Colleague: 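Starting off with a structure, shown below.
Residue numbers begin at 1 in each chain, while the letters A, B, ... track the order of the sequences. Everything numeric in this text was worked out from a predicted model, so none of it was measured.
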Protein chains: 2
Amino acid sequence: MPETTPALLPRDTVLTVRDTCLCLATQRAARRLARRFDAALRPFGLTNGQFSLMVALNRPEPPPMGRLAPFLGMEPSTLTAAVKPLARRGLLAVEPDPEDLRSRRLRITPEGVALMRGAVAVWRGAHAALEAELGAGTPDALRRGLAEIG
Amino acid sequence: MPETTPALLPRDTVLTVRDTCLCLATQRAARRLARRFDAALRPFGLTNGQFSLMVALNRPEPPPMGRLAPFLGMEPSTLTAAVKPLARRGLLAVEPDPEDLRSRRLRITPEGVALMRGAVAVWRGAHAALEAELGAGTPDALRRGLAEIG
DNA sequence: GCATTTTAGTTTGATACCAAAGTAACTGTG
DNA sequence: CACAGTTACTTTGGTATCAAACTAAAATGC
């Protein structure tokens, strides 16, 4: 009797992956949350990712890209691309660091601050609504757990 | 004295968003996990998302796309695009459902099963390594919390 | 049975994301 | 002060993701 390739993998293997994979669970939640916050922020012409980036710029010293990328969990090349539309709209300015000409600092502009004033208010509402939908300890448990991955 | 636009938003506002936003925390972790699993699965030519999709096909009845999209937390249009490279490689087949000609079922092929055999083994190792890096109750806490968002 | 509505999926156009390779500036060593 | 190595970012090419508009089939209503 010849060896035959089973038509499928073992059933329990599949269930294990499906029910335990933290990567899948995170991607799925990330897609859902992205759509949700993208929708809330649409009136400002900002995506959730653009909002997070703009928030990160809101500090006295404009941070260099090299610090922002790890903060956002993204690769430098992704940040380079993400900056472009925001710079084009005048919401942030890219400034070479005089101390190190390789480094570029991202400074939020007054237009950016003005836009973010409204966006932050909307974020507050959207986030409160989200937390209200989750169980009592869930938001904190998620924040703690997700921070461990970072 | 004229009204002036402050140069920045209030500092605590920014800190609140930065430290509590579940959307940001999830996107950040999702990026990091995606890179990690993409790297582990690279020998099979699969991304983490392709792996998850292939796993979901591993059931006696090939599931219709309409069930897969919610399972993966993605929009139907994204699933349509995701199917193409896998179908091109012969890892899955798109079959119109005879009962409902609008619906398309995705069937994993023997080639797909063969590839996934190795990929699942690698996933097991990668996932065990990830869990080992996290605190004792963290993986379960994350699974529970992320499932609430789904 | 035919028109309307709903449902399943696709297409299009735009942004997001990454790896790999490239450029330019800094650093350290001899 | 060269020059080798490193660091900061960019470019390129490819996939991922979505919203909005579209197509086609099924279900509903009359």
Colleague: Would you mind checking if A:E95 and A:R105 are paired as a salt bridge, meaning a charged N to carboxylate O distance below 4.0 Å?
Modeller: no
Colleague: Nearest whole angstrom, please: distance from the P of D:dT15 to the CG of B:L91.
Modeller: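 Value for this atom pair: 14 Å.
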Colleague: Under 4.0 Å between a Lys/Arg side-chain N and an Asp/Glu carboxylate O for B:E131 and B:R143?
Modeller: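 B:R143 and B:E131: salt-bridged.
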Colleague: Using a strict heavy-atom distance below 4.0 Å, which residues from residues 72-86 of chain A are in contact with DNA chain D?
Modeller: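 Of all residues in residues 72-86 of chain A, the ones placing a heavy atom under 4.0 Å from DNA chain D are A:P76, A:S77, A:T80, A:K84.
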Colleague: Tell me if the CD atom of A:E133 is crowded by more than 12 foreign heavy atoms within 6.0 Å.
Modeller: yes
Colleague: What is the distance, to the nearest angstrom, from the CG atom on A:L46 to the C1' atom on C:dT15?
Modeller: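 Nearest whole value for this atom pair: 13 Å.
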Colleague: Please give the angle, rounded to 10 degrees, between the axes at the start and the end of the helix from C:dG1-D:dC30 to C:dG30-D:dC1, where five pairs define each axis.
Modeller: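 The two end axes of the helix from C:dG1-D:dC30 to C:dG30-D:dC1 meet at 20°.
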Colleague: With sugar-phosphate meaning primed atoms plus P, OP1 and OP2, does B:R42 contact a base, only sugar-phosphate, or nothing at under 4.0 Å between heavy atoms?
Modeller: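 Sugar-phosphate contact only - B:R42 comes under 4.0 Å of backbone atoms but never of a base.
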Colleague: With nearest nucleotide decided by heavy atoms, which residue, A:R105 or A:R35, maps closer to the 5′ end of DNA chain D?
Modeller: A:R105
Colleague: Whether B:R31 contacts C:dC17 is assessed here as follows: a side-chain N or O lying under 4.0 Å from the phosphate OP1 or OP2. Is that the case?
Modeller: yes
Colleague: With a 4.0 Å heavy-atom cut-off, tell me which residues in residues 48-61 of chain A come close to DNA chain C, sorted by residue number.
Modeller: A:Q50
Colleague: Rounding to a whole Å, what distance do you find between A:R32:CZ and D:dC18:P?
Modeller: 10 Å
Colleague: Please report the distance, rounded to the nearest Å, between CE in A:M65 and P in C:dA25.
Modeller: 16 Å
Colleague: Measure CG/A:D100 against C1'/D:dT6 and give the value in whole Å, please.
Modeller: 12 Å
Colleague: Specify the separation, in whole Å, of atom CZ of B:R102 and atom C1' of C:dT6.
Modeller: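 Rounding to the nearest Å, CZ of B:R102 and C1' of C:dT6 are 8 Å apart.
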Colleague: Less than 3.5 Å apart, any donor N or O on the side chain of A:E75 or A:S77 sitting next to an acceptor on the other?
Modeller: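 Side chains of A:E75 and A:S77: no pair found under 3.5 Å.
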